[in-house]
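These notes concern the structure reproduced below.
In what follows, every heavy atom counts, from backbone to side chain, and hydrogens, waters and symmetry copies are set aside. Every chain is numbered from 1, with letters handed out A, B, ... down the list of sequences.
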Amino acid sequence: EPAMVYDLGGKFDKSFNEAAFNGAERWKAETGGTYREIELQSEAQREQALRRFAEAGLNPIVMAGFAFGAVLGEVAADYPDTKFVIIDTKVEAPNVRAIEYSEHQGSYLVGMMAAMASRTGTVGFIGGMDIPLIRKFACGYAQGVKAVNPDATVIQNMTGTTPAAWADPVKGGELARAQIAQGADVIYAAAGSTGVGVLQTAADEGILSIGVDSNQNYLHPGQVLTSMIKRVDIAVYNAFTAGADLETGYFVLGLADDGVGYALDEHNAALVTAEMQAAVDAAKAGIIAGEIVVHDYMSDNTCPVN
Amino acid sequence: MRDVMPRWADVVLIPLISLVLAFLLSAVVIVAIGEDPLAAVRMMVTGALGSTYAWGYTLYYATNFIFTGLAVAVAFHARLFNIGGEGQATLGGLGVALVCLALPWPHWVLALPAAVLAAALFGAAWAAIPAWLQAKRGSHIVITTIMFNFIGAAVLNYMLVNVMRPQGSMDPATERFPPGTHLPTLHDLLALVGIPFSKAAPANIAFLIALAACLLVWLLIWRTRLGYEIRAYGHSEPAAIYAGIRPVRVVMLTMLVSGALAGLMAVNTVMGEAERLVLNSVEGAGFIGIAVALMGRSHPFGVLLAAILFGFLYQGGAELALWTDIPRELIVVIQALVILFTGALDNMVRMPLERLFLALRKRRT
Amino acid sequence: MAGAEAPAAGRHPDAAPAIELRGISKAFGTVQANRDISLRVMPGTIHGIVGENGAGKSTLMSILYGFYKADAGEILVGGRRVTIPDSQAAIRAGIGMVFQHFKLVEPFTVLENVILGVEEGRLLKPALARARDTLQRLARDYELNVDPDARIEDLGVGMRQRVELLKALYRQADILILDEPTGVLTPTEADHLFRILKNLKSEGKTIILITHKLREIMAITDTVSVMRRGEMTATLETARTSPEQLAELMVGRKVLLRLDKKPATPDQTILEIENLRVTDDDGVERLKGVSLSVRAGEILGIAGVAGNGQSQLLEVLGGITPATGNVRVKGAEIDLTGRHSDGRSRRARGIAHVPEDRQREGLIMDFFAWENLVFGYHHDPACQRNRALMDNAAIRARAAEQMARFDVRPPDPDLAARNFSGGNQQKIVLAREIERNPDLLLVGQPTRGVDIGAIEFIHQRILDLRDAGSAVLLVSVELEEILSLSDRIAVMFDGRLMGERRPDQTDETELGLMMTGMRTEVA
Amino acid sequence: MMDFATILQVLDSTVRLAAPLLLACLAGLFSERAGIFDIGLEGKMLMAAFFSAATAAVTGSVWLGLAAGIAASMVLAGVHGLASITFRGNQLISGVAINFLAAGLTVVIAQDWFAQGGRTPSLLGGARFEAITLPLADTVRPVPILGPIYHDLISGHTIPVYFAFSMVPLTWWLLYRTRFGLRLRAVGESPEALDTAGVSVVATRYAAVAICGVLCGIAGAYLATALQAGFTKDMTAGRGYIALAALIFAKWRSWHALWATLLFGLLQAIALRYQNLQIGGVPLPVQLMDALPYILTVVILAGFVGRAIPPRAGGEPYVKER
Ligand SMILES: Nc1ncnc2c1ncn2[C@@H]1O[C@H](COP(=O)(O)OP(=O)(O)OP(=O)(O)O)[C@@H](O)[C@H]1O
Ligand SMILES: Nc1ncnc2c1ncn2[C@@H]1O[C@H](COP(=O)(O)OP(=O)(O)OP(=O)(O)O)[C@@H](O)[C@H]1O
Ligand SMILES: [Mg+2]
Ligand SMILES: [Mg+2]
């Protein structure tokens, strides 16, 4: 029986954790299997949760979030027969499958769309916890925006310095208001369930927003320009499907692997013009082909544009 | 004139009835969310007591609650309501982490006393300002300790994010403590006497420190002059002043001891279990200390029993959350009900009982 | 037992009693505060109630005023049965009460206090205006002048009592209960109060007056009831009784007014006080330069109306209140403000202290008797087992002996202090303080609320200590006690000593005059 | 530095963030002025937040949600009243218990009803309080300075915000100009005075506690149905404690409560927007901003900025007979 461990935002954060949850649910629906899951209540429980599941003989154990990195190193060594999957950070151990995504690539695409949809030439970015991973989103986004409109302004805010930043919709809403006041008319939220507040405020104030991780277009139909989807669900689904025979190692999934992308569905069809779509698809092809290189913030902790 | 009730009724009967009421109400909640309370209890018992692994967790949590429960109890004796165990334990954690990371400790035997000292000092320091404000300025210690919980959280947050987070890490946590600081677990300790015990459970030598703390607190309160003065002050401040007991001194010392005890909890969590400092490693244990002290009638032995009960609830509750649809917050509900019935609604049980005993006595005479 | 029939008195001998109580009983937990009490008070009279502390006087009156609910019994007002479940009902029945401990809202103004509960309407404005007018009228009619806009916290006790009276009058009370109104008053204020009461009586109002002072009973009441241990022992016509008879009824046996005591043999000076001054938290100077001395083997009694600084004097000497001036014990200067100005340092200097309020200060009511018997002396080397721990076994053993010697009943060191009667509680305190053979014993109100048997015992112990060569400083509001115990008597008034007398060369009248601040320095 | 528009923005969000603090603070004011200390403001708000969101989500009506929120908060107020008035228990302990009860029950029930990890579904349309535009807001907008102030700052908030601010003079009037207020203040200073004046201490205190419940209920409902669109676990995030701090800061007075909560709201608004604030070249860590309300309260309590004297009978149960 496989197991899923969600990070502090909770499995219904409509974003990162929920993507993982959706993958697990899809596996359950398709195979009729069962799995165990736990939502963390505090940082201190990470290790306990992993050990509890490993003790109970669950296999594989999938965890969503970079913050598990530090404890997984320890725990994995104690349970060599259990396979672990960690998303968003690199952990090297023989029984660990570590998956990272090229979020900068997906963010680049939605950045282009933001720039094209913006009338004011000012777009916003609201990140969750201020860590290199989120700066990677921001940097990719900014590059996409500038690629379309070099004169555009990208306002960037982070919500906090601790995991609480992933779960503060009020703060997200207030930051969105602040950015709107500064002229932003498209805001990209990469902040877990904090982003729900951003999208809500954007809808209330009549501007466009961009969702993250899961497809969030449905939250405010006609008011969410698109979502930068990160296919955590596929990672979970694949891990569950592979079961104990899971291939371990380190994997980076990008546009080429459909690990990241932008969402297009009936909720935002009216917002995405054909021209927009063409430009973005071209860029996607360019990136896959290596003609366009999107700088990865985490490679050197700097961003060429901002 | 005599007491209306015999002592055993006050010490045993009332808490017991209160506890039963709290549990009955909890059962109602479980039924209301469509679960079977009996099955839940069974699962909690196996999950918390059914294996050495389970015991290891139960005792690990109980260790925390012994420390915070003693902290609240000691303050209660001076009629001080230290609601700041959370903050004091947080700072205790900071102290432990600083000590563990400061030196390349060769062996835990050396690191442990230093960490114990640091945890106690940091915890006491965090209680000192509210204590001083209470003693000198009469600011209500409940409010100041609440404020210091928040300030403590901010301090830890700042330290972990801006100072102690290792280079390149995204996680607001310190790096792992060096192996020389790793404490022996119950597995290691019991192995010495040949008893097999789960290796994965986090209960560690801090449990023994907690037991020692119970004994020391008992000695302090009932066998030393300071304890005598603390109790006297708690019963009557004017009488204490008459007797030459200085309120400032008693309030300060009591709160320092209380804060130190709360801080010691970090030896268990930060040094014994996590082996690094993370945000919110206290996980509400400071507040559970209130319930533990109330239930244990502020007596170290009562605190020990109540702490084990809460350790059981905590671990059992975690198991429930894991294997059923009952969320972990059910434990918070139970905890709230225990505090409500043993603390705030004490008279609800006491008044009818007193009437009963009064009537019984009248009948006898 | 039922109360005796009240002899008819006052202006309407045939009228129904203004108040009639029948078979009132009330218990607080295990304490039976009132037992089957009956009482009749005729309209237009002043009726006194006397009794020892804890006899149940206040409880009975509080029941009449609806503050407590009686367990049994009935109340008739003006001949009609009424139920008084709360004070509102009492007020409606025309009953007003001035409590022993005032029931005023301190941060409120006089006006606000007066209208509280009788605002007549949802808004305050009309009520305040009406009350202002009424107060003006009452002030005129009864010499009850108070600034209606003053805050209670800024008023002295005398003024506060006026406000309480005004409250009752504003509610148009016909029956006024006053619970120990003169305890806190200066003699002038008390005289003023009695003038008002007579005035009210002449208007046909009925007054019930609780007091400890038999003098007042004799002076102002028409009839008087005596209570003892929750029961009503007698109701008499004042004109046909005497203080001695009342005292006997109060305590249940003949009262010895004078003790047998050997003449004092004063020795070297133990306590010297020079120019002692104390200012309390409210900035009021309570001691205004007191100087006195006490020698070994003598008892100095301090007489005075409560609130004239005697308590502060004891508290300063006991290390509770800081002060300025000089105090020397056996020639050594005592620290009055610094690091050594606490009870512990005083005890180390041979000063023992029996505080005025044993339950609030002298004892920890929830501690066992044996713990209380070292209270304040718990740092003594004899109490320690080693550097860290106390020797509880030894303390308990010594406590048992002391309790036996002081005839504490029951002599059980493992009983909590709160479970002893007042007299036995006091014996515990005395045992603790006297058995240390102090150089100086400070005693405040040693026999307050203590039954006569215990009084004699306690007095004897204090004399024994004197004869053993200790200096004793005695403060008491009971003039008889002062007269019978002291070797010298100093009278205190308004924070100053008014002069000194020898007990055999003075009497209650002279002392009483001095206590009112009148200089009688003729000798 | 900040321009006028930014200042307006920050003030605007100050108003939004101060509103729940103000409501809770006034709630505490009523309770504590009547002598019932209440550290359970947080719990009552949380309970109200959940039940208002849940009801609004199910019925689609924010007004029904508001009613449910108030009712839920009143139930907890009733528990507090029972413990501290009827059974004369320890008010602080009761408050602690209530906070835990709310923290636990909201999640347990939310999980049972909605199975969304302790949340309610997002609220849409009529299930939320919408911002209302005050008359003439658009007309006067072009007027310099005053126009934007009226349009951006004063207009455009939700009904509970306006309610919260109008409660300030109302509270003052109630306390100082009405019979009820006189009695309420009296019972907090000297319950025996009120009792002997023939007014029921118990009834007066229950009334105060009930008002506290209503105001906390509105505060909680505002959080879930106006400030946010739905309930999330622990969404009060310590606001009850900040309100308590503000109450001390305000020295238990209604107008002071307004300034205190506005100040704390401003601190929150600034902390929300500026992760790294520089003042005179010195970087202020955001953690300091977060902790500032608490630090200020401690400073106030220490008596360095005028002393806060609580109602005299506060925290003590009224015991006539031992
Ligand atoms: N509220 C109360 N709760 C419990 N016991 C009480 C209460 N009030 C009085 N008692 C007890 O009832 C008895 C009678 O007390 P009461 O106050 O009526 O005496 P009193 O005659 O007025 O004495 P004093 O002269 O000291 O005023 C005492 O034993 C007292 O301790
Ligand atoms: N000026 C003073 N006034 C009153 N008490 C005093 C004064 N000086 C000392 N004492 C008390 O008298 C006792 C004996 O004093 P002394 O200084 O000789 O004691 P000690 O053994 O040195 O104790 P310590 O270590 O506390 O100074 C002590 O309990 C002390 O507190
Ligand atoms: Mg009395
Ligand atoms: Mg010395």
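Heavy atoms closer than 4.5 Å to chain B are found nowhere in Gln425(C), neither backbone nor side chain. Of the two parts of Phe375(C), the backbone and the side chain both hold a non-hydrogen atom closer than 4.5 Å to a non-hydrogen atom of chain B. In this structure, the portion of Arg387(C) lying under 4.5 Å from any heavy atom of chain B is its backbone and not its side chain. Using a 4.5 Å cut-off between heavy atoms, Gln384(C) touches chain B through its side chain atoms alone. For Leu358(B), the part lying near chain C is the side chain, with the backbone staying farther off; criterion is any non-hydrogen pair under 4.5 Å. Proximity to chain C is limited to the side chain of Ile245(B), based on heavy atoms less than 4.5 angstrom apart.
Under a cutoff of 6.0 Å and an axis angle of 45°, Arg347(C) and Tyr242(B) form a cation-pi pair.
Chain B forms the most heavy-atom pairs under 4.5 Å with one residue out of Met365(C), Glu371(C), Glu315(C), and that residue is Glu371(C). The residue among Arg385(C), His379(C), Gln359(C) with the most heavy atom pairs within less than 4.5 Å of chain B is His379(C).
Taken from CD in Glu229(B) to CZ in Arg344(C), the straight-line distance is 7.0 Å, to the nearest 0.5 Å.
When all heavy atoms are compared, the tightest approach of Ile364(C) to Ala239(B) is CD1-CB, 3.7 Å. The two residues Asn392(C) and Trp222(B) have their closest heavy-atom pair at ND2-O, 3.2 Å.
The closest donor-acceptor contact from the side chain of Asp366(C) to the backbone of Arg231(B) lies at 3.5 Å or more, if one exists at all. Side-chain atoms of Ser236(B) come within 3.5 Å of backbone N or O of Arg360(C) as a donor-acceptor pair.
Between Tyr228(B) and His378(C), the two ring planes are tilted [angle within 30° to 60°].
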Item to complete: Carefully, step by step, assess Met390(C) and Arg225(B) under the rule side chain to side chain contact (heavy atoms under 4.5 Å, CB included).
Response: CA-CA 7 Å; Met390(C) 293 173 77; Arg225(B) 278 157 287 174; 3.9 Å; yes
